[in-house]
Each structure stands twice: as structure tokens, then as C-alpha cells.
Number of protein chains: 4
Amino acid sequence: MGADAGGTTDNRRATTARHTGNRHGRSEEARQSVLEAADDLLVEVGYTRLTIEGIAERAGVAKQTIYRWWPSKNDILMDAFVQDAAEDLIPADTADLRRDLRAHARKVALFLTKSDAGAVFRALTAQAQHDSVLAARLRAEHLGKQRRYDRLPFERAVTRGALDPGADLDLAVDQVMGPVYYRVLVTGQSVPEEFTDTLVDAVLDRLTGA
Amino acid sequence: MGADAGGTTDNRRATTARHTGNRHGRSEEARQSVLEAADDLLVEVGYTRLTIEGIAERAGVAKQTIYRWWPSKNDILMDAFVQDAAEDLIPADTADLRRDLRAHARKVALFLTKSDAGAVFRALTAQAQHDSVLAARLRAEHLGKQRRYDRLPFERAVTRGALDPGADLDLAVDQVMGPVYYRVLVTGQSVPEEFTDTLVDAVLDRLTGA
Amino acid sequence: MGADAGGTTDNRRATTARHTGNRHGRSEEARQSVLEAADDLLVEVGYTRLTIEGIAERAGVAKQTIYRWWPSKNDILMDAFVQDAAEDLIPADTADLRRDLRAHARKVALFLTKSDAGAVFRALTAQAQHDSVLAARLRAEHLGKQRRYDRLPFERAVTRGALDPGADLDLAVDQVMGPVYYRVLVTGQSVPEEFTDTLVDAVLDRLTGA
Amino acid sequence: MGADAGGTTDNRRATTARHTGNRHGRSEEARQSVLEAADDLLVEVGYTRLTIEGIAERAGVAKQTIYRWWPSKNDILMDAFVQDAAEDLIPADTADLRRDLRAHARKVALFLTKSDAGAVFRALTAQAQHDSVLAARLRAEHLGKQRRYDRLPFERAVTRGALDPGADLDLAVDQVMGPVYYRVLVTGQSVPEEFTDTLVDAVLDRLTGA
DNA sequence: CGCTAAGCGAGACGGTACGTCGAGTCTTGCT
DNA sequence: AGCAAGACTCGACGTACCGTCTCGCTTAGCG
């Protein structure tokens with residue numbers, strides 16, 4: 001990852017004081033305005049016209065301050081994404097697999113297609129195709145956790161005894177989430193509620209032997 | 001530069017190169033070497049370090065010749081892809097839906113993960129996330145056709161009477177292809193034969209009411 | 001290039017060069033090497049083949065550094081000339097008008113035909129024919145002052161009482177300097193000492209009523 | 001002068017027929033429109049923005065047709081100038097040296113400062129500073145002849161016995177013409193009638209021992 | 001009277017340099 | 001020690017013209 005790899009991991013070390021230049025560690029204020037500026041600019045001008053200089057200017061921050069803490073544009077976006085998507089896509093639990101899964105699939109679809117955080121995610125996913133380090137970070141800091149959330153409804157159903165413990169849950173997750181991401185990233189089709197519902201039903205019908 | 005004047009008047013240097021362009025159209029030779037150079041360089045150095053100047057140099061072509069015919073780097077890749085992927089991913093027809101679909105899914109997976117053309121496709125799909133015009137072109141010139149190929153096995157089965165004519169074929173295609181693209185573009189997992197086989201089986205089991 | 005995207009994101013290549021520029025003003029070192037490089041190259045390759053890129057390379061300076069401080073090639077030359085021609089063409093004062101004027105005319109002729117600074121002056125004068133802004137600058141920063149020097153011998157003579165106070169000194173200056181510049185810029189004839197001597201004599205003979 | 005030196009001298013070989021493509025030598029029509037286009041464009045956009053492509057387009061002529069007959073932009077201007085300045089600056093002869101010389105000096109000043117041909121001359125003189133081949137051509141095809149014209153009034157006076165046969169006529173010419181060109185090319189001052197008159201008087205007063 | 005060959009308009013080509021943008025590095029002076 | 005400011009080197013961008021090179025048309029003159 002080049003020279004300043006440490007910056008990527010250090011940048012969540014919390015510092016309590018507000019300051020603009022002292023010897024007590026990084027400025028939380030600067031960190032925040034950079035992430036917000038990056039977020040805003042991505043939505044406003046798109047990934048292509050998103051520049052470090054633009055972020056610095058918008059954030060009212062010196063370019064060097066950015067380079068001190070982030071190795072690249074993508075790392076800024078990654079941080080911005082991690083911070084914003086704290087609004088995690090955690091599936092609800094109503095003890096009804098079909099209902100929970102439908103709701104969860106719907107929520108993921110909306111996140112991907114409608115939210116600002118989803119726009120950041122799509123940009124990051126796109127760049128991850130050309131940058132394996134970014135790809136690894138994206139998986140480590142988001143996709144892994146998200147995968148576990150996506151599995152949750154099934155696991156709860158197994159625990160409840162509503163699903164055969166021998167079922168291939170990974171396959172089930174792929175069958176539900178795969179087509180959603182596929183539409184968003186590849187075909188560009190919309191992802192209406194009927195689609196996610198039908199998808200969930202198709203998977204569950206097979207899984208529960210309906 | 002203002003009224004700077006005459007600096008380029010006297011370069012009477014001989015240019016020895018041969019070429020074949022004339023008023024009746026562009027040089028096919030130049031077109032070919034550009035597309036090949038772009039293809040090669042994408043694989044060699046990756047999308048990020050792929051530059052128009054690099055392509056021009058590798059192709060032995062003047063930069064202006066590229067700009068005369070292609071508006072952007074992505075358009076070159078698009079042309080290169082269209083030309084190369086003439087080796088279409090057309091499913092075989094052995095009158096056995098399961099067998100044909102398994103083979104087709106496998107072929108698509110290999111294309112995406114192993115071939116040079118697949119690398120170009122992944123780069124284009126990535127860039128299409130930031131460029132709606134490119135996205136439209138990608139759909140018009142590749143994905144539409146590919147989608148019809150992906151449906152073919154199912155349609156043949158319907159024609160043969162092996163599948164219920166009322167089945168939701170679009171959903172079936174999404175369920176087979178979606179998870180494959182999902183793994184390649186999002187999770188980065190490998191796509192082994194067992195995966196595609198199981199996937200096909202899961203879809204067909206439901207569809208044929210097994 | 002359209003929404004081409006991210007191509008320049010990841011060039012984390014190390015740049016090792018040292019420099020001295022900072023917020024408190026430009027690098028004097030860079031300024032000097034640019035002026036010297038321009039000067040040298042003008043003499044070496046001539047105005048026509050003098051390029052900004054060539055100057056930058058010779059000076060060991062980035063092209064952008066040149067564009068940051070000079071609007072055009074001519075402005076560089078103008079600065080180079082102003083700096084070098086600090087070796088002003090100031091006439092000596094021996095209380096002998098004829099002697100001083102002969103020496104001064106000779107010095108100007110040598111400057112125009114033999115010196116590097118004279119080569120820059122000729123180039124600038126040539127370009128000033130196509131660029132009125134440059135012409136104005138050339139007059140403001142050099143010709144005005146030079147004109148005053150050219151008048152000096154006559155004025156001293158008037159002060160000494162050796163010359164009629166009512167004499168048309170401007171005409172006298174034009175009659176001495178005009179033919180010198182005329183030979184250099186128009187006819188391309190050489191300007192030998194006999195020529196300037198005779199010229200001075202002709203003017204003075206009339207002026208002093210000899 | 002590079003490859004096609006012959007073109008420069010051949011291009012006044014008259015061809016009677018009008019044609020646009022045959023085997024009887026060059027098209028006089030094309031030659032004329034090129035020269036006119038060059039002339040017009042020089043006045044309209046200035047030397048700096050005068051391009052071969054611009055001339056070709058304005059003249060309705062292919063670029064190659066220009067390159068076939070002229071080695072450079074300056075050679076076109078040279079031809080245009082030679083053709084236009086057929087309106088030669090020949091001094092009148094009224095058997096009155098002072099009157100003829102005053103009229104001639106005035107005519108030269110007006111030519112240099114007011115006429116289109118004068119603009120071309122100034123541009124060529126400027127470029128001749130950077131191009132010794134052009135300088136030589138300018139002298140051979142214009143300045144030599146003009147110099148003889150400038151001497152004419154003096155020679156006639158000698159013939160008439162109005163002037164001492166031993167007078168230095170070359171110096172006299174330099175003293176009259178030098179300051180005029182000097183003002184035009186160097187100081188940029190205007191050249192009013194009083195100036196040329198006074199100049200002529202100063203020279204003649206000395207010459208005739210007035 | 002058809003063939004040949006030159007001049008022409010058109011315009012694609014390989015190149016050089018332009019002037020600009022942004023990347024990432026470095027230094028200074030402030031806090 | 002972190003920061004704002006901003007000059008620096010460097011690589012690539014997209015453009016403008018250069019001078020060269022076909023191509024296909026037109027049109028004499030020659031056989």
C-alpha cells in the first residue's frame with residue numbers, strides 16, 4: 001500500500017480535544033470535514049471529478065493534512081463509508097423467516113439504489129475491481145460483516161427449528177443477494193419490491209420444500 | 001501564449017513513417033493496433049495505469065489518431081471488448097436443460113475470472129458505475145445480447161415441453177447469473193464448478209418442481 | 001475525457017527531488033535557472049526552436065513552474081534580458097562630446113551585433129513587431145532608459161556650454177542611433193568602427209556648425 | 001532551404017490557362033488565392049495566428065498544394081509581398097533634391113506605418129531576425145532594389161551637378177532612412193511629416209554645406 | 001479516342017509542443 | 001507535533017499545427 005499504510009488504521013484513534021494545530025495528535029475536526037467533503041463531493045460531482053485538492057478546498061483543510069492520514073482518495077471514501085454505514089443493514093427478527101428476509105432484501109436494495117452511502121459503496125466496489133488492496137479492505141471492513149447479517153435470518157430460522165440444519169445457507173444467501181447486486185451493478189435494472197419478494201419466495205420455497 | 005509567433009514555422013524535418021490513411025476512411029491498421037495495445041496494456045499494467053499516451057506508444061500510433069476516433073479510454077476498451085468478445089458466450093444445445101445450463105454457467109464464470117476479455121469486461125463494468133453513457137453502451141452492445149443467450153437454454157426447454165411455459169424465465173436467469181457476477185464483482189470469492197452446478201440445480205429443482 | 005475515472009488515483013510513486021519553494025514566495029533558484037536556460041538556448045538553437053519544454057528541461061525545472069510565473073516565452077526572454085542588460089550601455093564622460101559619442105555608438109553597435117544580450121534584444125524586438133504588449137514592455141523596461149543614456153552625451157555638452165541649448169537633441173539621437181539599428185535589423189550590414197565614427201562626425205559637424 | 005527549394009523560384013512562371021488539375025503546370029488560380037489569403041489573414045489575425053492550415057482553408061486550397069510550391073509560411077508572405085509591393089517606392093524626379101527626398105522619405109514612412117504591404121514587410125523583417133535564409137531573400141528581392149531607389153535622388157543631384165561627386169551617398173541614405181526604420185521598428189514612435197522633413201534638411205544642410 | 005501522368009481537394013497520419021490539471025512531496029510559520 | 005498555505009516535480013491530459021502521405025478526380029496531350 002505504499003508509504004503511509006499506518007494512516008489507514010490509525011485514523012480512528014479518538015482524540016478528545018478540538019484544536020487546529022497542536023501537539024496532541026490529529027485534529028478530529030479536520031478528519032470530520034474531510035470525510036464529509038468527500039461524501040458530499042462524490043454525490044455532487046461524481047467519482048471521476050472527485051479530487052484530493054477539491055476535497056481539501058471544500059473541507060477547508062490543507063492537502064498535506066489529507067496526505068498525512070489517508071494514502072489515497074479511495075481510502076478517504078472507505079473511511080467515509082465505514083463511518084456513515086454505521087446505520088448497518090441488520091435484519092429485523094420477527095421470528096418469521098420469510099417476512100424478515102423480504103424486509104432485509106428490500107432494505108439492501110434501497111441502500112444500494114437510493115442512499116448516499118449506497119453511492120459511495122458502488123463507487124468503492126467499482127474501484128475495487130482495479131485495486132486489490134482496496135478490495136481486501138472493503139471485504140474486511142464491510143462485506144464480511146454484511147455477509148454475517150445476510151445470513152442471520154437463516155441462522156435464526158435454523159435455531160428456531162424452522163429450517164433444516166443441514167441446509168446450504170451460503171448458497172441461500174448468494175441466491176437472495178446475488179441477483180440484487182447483479183441488477184444494481186451489472187444490468188442497471190431497477191430493483192422493485194416485487195422482485196425481492198419473488199426472489200425470497202423462490203429461495204424459501206425450495207429450502208422449506210414447499 | 002499570446003502573440004508568441006512563428007516558433008513552429010521551420011521544422012522541415014523529414015518524417016519517414018508510412019501509413020495508409022486517406023480521404024476514404026481511417027487506417028484499419030492503426031485501429032487494430034490501438035485496440036490490441038489497449039487490450040494488452042490493460043492486462044499488463046491494469047486500468048489505473050492504462051493511459052492514452054501509453055496506448056499510442058505501444059500501438060506505434062500518434063496520440064491524435066486515437067483522439068480522432070475515440071472520445072475516451074473507455075471507448076477504446078469498449079471497442080476492444082466488442083471485437084474480442086465476438087467469441088460469444090452462446091450456450092450449447094444438447095436438449096438437456098440441466099446439462100446445458102451447467103455448461104453455460106461454467107463458461108460464463110470462466111470468462112469472467114480467467115480470460116483477458118473478462119478482465120476488460122470487469123474494468124468496463126467498474127467504470128460504468130461512474131459513467132452512465134458507458135453503462136448504456138455496455139448494455140446495448142453486450143449485456144442485451146448476452147442476456148438473450150442466458151435465456152436460451154430455458155426457452156429451448158419450454159419449446160421442447162420440458163418446462164412450464166408459464167415459468168418466470170427472467171427470474172430464473174437472474175437466479176443463475178446473479179450469484180455468479182455477485183461473487184466475481186462483489187465478494188471476490190472464486191467460482192468453482194461445484195458452485196455453478198449447485199446453483200443450476202437449485203434453480204432447476206424449483207422450476208421443474210423436483 | 002468524460003467520466004473516465006480514477007486513472008490517476010494510485011500513483012504513489014516516490015518523488016525524490018529537492019526544492020526550496022514555500023508559502024513565502026517563489027524559488028529564486030528556479031527563477032535563475034529558467035532565465036539562464038532561456039538565455040543559453042536562445043543563443044544555441046535560435047528563437048524558433050526555443051520551446052518552453054526545452055527551457056524547463058535545461059533548467060531542471062517543471063514546466064508548470066514556468067507557467068506559474070511567466071505567461072509566455074517572450075516574457076521569460078524579457079526577464080532574462082532585463083536582468084542581464086544590467087550591464088547598461090551608459091556613455092562615458094570625458095568632457096569631449098565627439099569622443100564620448102563615438103565610444104557610445106561603438107558600444108551600442110557591439111552590443112547589438114556581438115553580445116548574447118544583444119541576441120536576446122534582437123529576438124525581442126522582432127517579436128515585438130507581432131505583439132504590442134511585448135512592445136510596450138520592451139519600451140518601458142529598456143528602450144526608455146536607453147534613450148536617456150543615448151541623450152546623455154549631448155546633454156552634458158549643452159551643460160558644458162559646448163553645444164547650443166536650442167539644438168534638437170532628439171533628432172541628433174535619432175540620427176546617430178537610427179542608422180546603427182537600421183543596419184543591424186534591416187540591411188544586415190556590419191557596423192564597423194569607421195561607420196559609427198563617420199556617423200557621429202556627420203551629426204556633430206552639422207550641430208556644432210563646423 | 002530544405003526539400004523543395006525550386007518551388008520558390010519557379011512560382012512566377014506564368015501559365016496562361018485556368019484549370020484545377022491537369023498536366024500543364026501549376027494552377028495560377030490556386031497561387032493567387034493562397035497569396036491573397038495569406039495577405040488577408042496576416043492583417044486579420046496577425047503573424048502568430050497565421051497558419052498554413054488557415055491559409056489553405058481560406059484560399060479553398062489543399063494543404064499539399066501549398067507545400068508543393070512553398071517551403072514555409074515566410075516564403076508565402078515573401079511572395080505575397082513581392083507581388084503587392086510592385087507598387088514600388090520609386091522617388092519622383094523634379095530636379096529638386098530637397099523636395100524629392102522629402103517626398104520619398106514621406107512615402108517610405110507611410111508605406112511602413114500605414115499600408116498592408118508595410119505590415120507584411122514588418123512581419124518579414126521581424127522573422128528575418130530568426131531566419132538568415134529569409135533575411136537573404138528579403139535583401140535579394142526587396143532591400144537591394146529599394147536601396148537603389150533610396151540613392152536615386154542623390155545620384156540625380158550629382159548628375160545635375162547639384163551635389164559634390166565625392167559625397168558619401170551611402171552614409172546620406174543611411175542617415176535619412178535609418179532613423180525612419182528605427183522609429184518604426186524599434187521605438188514605435190510615429191513618423192510625422194515634420195520628422196522626415198527635418199531629417200532630410202539636416203542631411204542636406206550638411207551635404208550641401210549650407 | 002483511350003491512356004497516361006501531373007495538379008488538385010480532401011483528409012488521415014506520425015509527430016512536437018502547447019497550456020492545464022491534479023498527484024504527491026516539501027518547507028515555512030503559526031498555534 | 002499538527003496544521004494551513006502554497007511552491008515544487010512529475011505524468012498525463014486533450015488540442016493545435018506541422019509536414020508527409022495516399023486517394024480519386026479532372027484534364028491535357030500523346031500514341
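Chain A is the first sequence line, chain B the second, and so forth, proteins listed ahead of strands; every chain is numbered from 1. All heavy atoms count here, side chains included; hydrogens, waters and symmetry mates do not.
- Protein atom CZ of D:R31 is 20 Å distant from nucleotide atom C1' of E:dG9, rounded to whole Å.
- In the interface, the side chain of B:E53 is not paired with the base of F:dC13 through any donor and acceptor atom under 3.5 Å apart.
- Taking atom OH on C:Y47 and atom C1' on E:dA17, their separation rounds to 14 Å, with Å as the unit.
- Going from atom CG of A:D75 over to atom P of E:dA23 covers 14 Å, rounded to whole Å.
- With hydrogens and angles ignored, a donor-acceptor pair under 3.5 angstrom links the side chain of D:Q64 to the base of F:dC21.
- Listed nucleotides: E:dT20, E:dC8, E:dA17. Nearest to the side chain of C:Y67: E:dT20.
- Considering only side-chain N and O atoms, D:R68 lies nowhere under 4.0 angstrom from the phosphate OP1 or OP2 of E:dG7.
- In terms of phosphate contacts, B:T65 brings no side-chain nitrogen or oxygen within less than 4.0 Å of OP1 or OP2 of E:dA12.
- Here the side chain of A:T51 is nearest to one of E:dC18, E:dG22, E:dG9, namely E:dG22.
- Note on A:R58 versus A:D39: no salt bridge recorded, every NZ/NE/NH1/NH2 to OD/OE distance being 4.0 Å or above.
- Atom CD of D:E44 sits in a crowded spot, with more than 12 heavy atoms from other residues, nucleotides or ligands closer than 6.0 Å.
- Rounded to an integer number of Å, the gap from CD1 of C:I66 to P of F:dA7 is 16 Å.
- For the pair B:I52 CD1 and E:dG14 C1', the computed distance is 17 Å after rounding to whole Å.
- A 6.0 Å sphere centred on CD of B:Q32 holds more than 12 heavy atoms belonging to other residues, nucleotides or ligands.
- At a threshold of 4.0 angstrom between heavy atoms, the contacts of B:G54 with the nucleic acid are absent.
- The minimum heavy-atom distance between C:L124 and C:L134, with the atom names listed, is O-CD2, 3.8 Å.
- Here E:dG9 is the nucleotide among F:dT9, E:dG9, F:dC18 with the atom lying nearest to any side-chain atom of D:V61.
- You won't find any donor-acceptor pair under 3.5 Å spanning the side chain of D:K63 and the base of E:dG11, going by distance alone.
- Taking atom CZ of residue A:R58 and atom P of nucleotide F:dA4, one finds them 17 Å apart after rounding to whole Å.
- Regarding C:R26, its CZ atom lies at a distance of 18 Å from the C1' atom of F:dA5, rounded to whole Å.
- Nearest nucleotide to the side chain of D:S27, out of F:dA16, E:dG7, F:dG2: E:dG7.
- At F:dC3, one or more side-chain N or O atoms of A:W69 fall inside 4.0 Å of OP1 or OP2 (strictly under the cut-off).
- D:E57 places its CD atom 16 Å from the C1' atom of F:dC18, with the value rounded to the nearest Å.
- Contact check for C:V45 versus C:T51: no side-chain heavy atoms found under the 4.5 Å cut-off.
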